[in-house]
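Index from 1, following the sequence.
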Amino acid sequence: MKKQLSLLTAAAVIGCASQASAQGLLNIGRLDDFDRSVPLAVTVGMSAGYDSNPNSSSFQEEGSMYFGANLGVDYNTGDRRTAYNFGLVYSPLYYVDAPPNQNDFIHNVRGSFNWRHQYSPRLTLSNSAYLAYEVEPNFGIGASVARRNQNYLYGYESLAATYMWTRRFSTVTSYTLFGISYESDDLKGEDMLSHTFANEFRYAWSRVDTLALTYRLQFAAYDNGLGDFTSNYLLVGLDHKFAPRTMGSFRVGAEFRDRDNFGSDTMPYFEGSLTHSVSRRTAVRWYTRIGMESTDIGGFGDRYSYRTGLTANHQFTARLSANTGLHYIHDIYEGSADDASNFDEDVFAFSLGANYNIYRNVTLNAGYSLTVSSSGNEFRDFDRHMFTAGIGARF
């Protein structure tokens, strides 16, 4: 598994964005966005804040002040036929009074590389690669555990080919490889690598409606071998243009999962998104996914999850902007040796941030985030508040 994940890292690091907007949950109904108006941008910044519960403890909360830094680069280039986007950001944190078993100095690195090439009027190839080494759970990706532990390495690589057979009928064939590796000894058995092959048949029913029939085949392998499975997905869907600036994408069907150790199941599956650009100043996005996921807890064979979230950005004035995010996860853990230990868990995450340009390329920023976990397992209950303020520059 370590060798396989290293290969995934090598593949993903070929292109490493300061945002993960093309990955995981945020990949649902994604539209490629290559901003060629700003070919190259470099960002630097520093911040300070307070974390009420750095290690997501259930019983011994120990808050700490922290200091952070940020160094990033984004590069966009290309034309109508070929476009590229590359990004890399490094954002370390230093905790003044880190609690026991928590590192004082924490490294966070995110990178991505996206490209799209129109090989012919009928055939378009696209690729999305993402690599992250970080400590915070990323609710927008939906891949890591919901509580903070030690650093983890997450990699994602997806290659797709879209072919227009007629003016109305097209197919999208893709291969996706992703994996996650945890530094924490408690989660080592949950290191996993997944391969997904998919083919989607699309028919443009009208100028605003496109019908879809999707088949996916997924293979997943874990370090502990207990969670290994093979899944088949059969989904029907609709992409609908509600208005010139409002797009929706929905897929519904079933997952047929065959586990090596915990038997087989057929469960409902749904994913959907709505993207609304109120204007050039405002963007809103909603996503939902319902289906089986990796358990991330040893001894459990099943985790059925409902995830939903809303993100929004608004430019109030030429100087002032704000962003917010709401994420909710409901997990059902089952399949343990002792049925009495099965439990449900709810995680709520909220964030709010503001940016103010004091000069053309220098920005003051402030933010607040809240994460609350309410679990049937009392050792997984926690709440956490984070406050931050800083300054950054973009060149």
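- Each of Asp79, Thr124, Leu123 was scored for a side chain to side chain contact (heavy atoms under 4.5 Å, CB included) with Gln118, with one residue passing: Thr124.
- Taking the side chain as every heavy atom from C-beta outward, Tyr133 and His107 approach each other to under 4.5 Å.
- Between His327 and Tyr287, the distance separating the two ring centers is shorter than 6.0 angstrom.
- Taking the six-membered ring where the residue is Trp, Phe270 and Phe250 present parallel rings, their angle staying beneath 30° rather than reaching 60°.
- Cation-pi contact between Arg257 and Phe229: present, with separation from the ring centre below 6.0 Å and deviation from the ring axis of at most 45°.
- By the neighbour-count criterion of 12 heavy atoms within 6.0 Å, atom CZ of Phe105 is densely surrounded, having more than that number from other residues, nucleotides or ligands.
- Taking the six-membered ring where the residue is Trp, the centroids of Tyr368 and Phe387 are separated by under 6.0 Å.
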Query raised in the report: Going through the distances and angles, do Tyr233 and Tyr269 end up as a ring-ring contact (aromatic ring centres under 6.0 Å, His included)?
Result: CA-CA 8 Å; Tyr233 297 80; Tyr269 180 88; 5.3 Å; yes

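- Judged by distance alone, the side chains of Tyr306 and Asp331 never bring a donor and an acceptor atom under 3.5 Å apart.
- A donor-acceptor pair shorter than 3.5 Å can be found between the side chains of Glu200 and Thr214.
- There is no path of hydrophobic side-chain contacts, each under 4.5 Å, that joins Leu238 to Val208.
- Checked against the 6.0 Å centroid criterion, the rings of Tyr94 and Tyr66 do not qualify as a close aromatic pair.
- Side chains of Tyr333 and Asn342 form no contact here, defined as non-hydrogen atoms less than 4.5 Å apart.
- Centroid-to-centroid, the aromatic rings of Phe197 and Tyr175 come within less than 6.0 Å.
- With 3.5 Å as the limit, one finds no donor-acceptor pair spanning the side chains of Asn355 and Asn365.
- Thr173 contributes atom OG1, which lies 3.5 Å from atom CG of Asn199 (distance to the nearest 0.5 angstrom).
- Exactly one of Ser128, Ser126, Ser158 qualifies for a side chain to side chain contact (heavy atoms under 4.5 Å, CB included) with Asn114. That residue is Ser128.
- Counting only N and O atoms by type, the side chains of Thr288 and Thr308 include a donor and acceptor under 3.5 Å apart.
- No hydrogens or angles considered: a donor-acceptor pair under 3.5 Å links the side chains of Tyr328 and Asp346.
- In this structure, Phe379 has its ring center under 6.0 Å from that of Phe59.
- At least one donor-acceptor pair under 3.5 Å links the side chain of Arg319 to the backbone N or O of Asn357.
- Between Tyr222 and Asp191, the side chains place no donor N or O within less than 3.5 Å of an acceptor N or O (distance only, hydrogens not considered).
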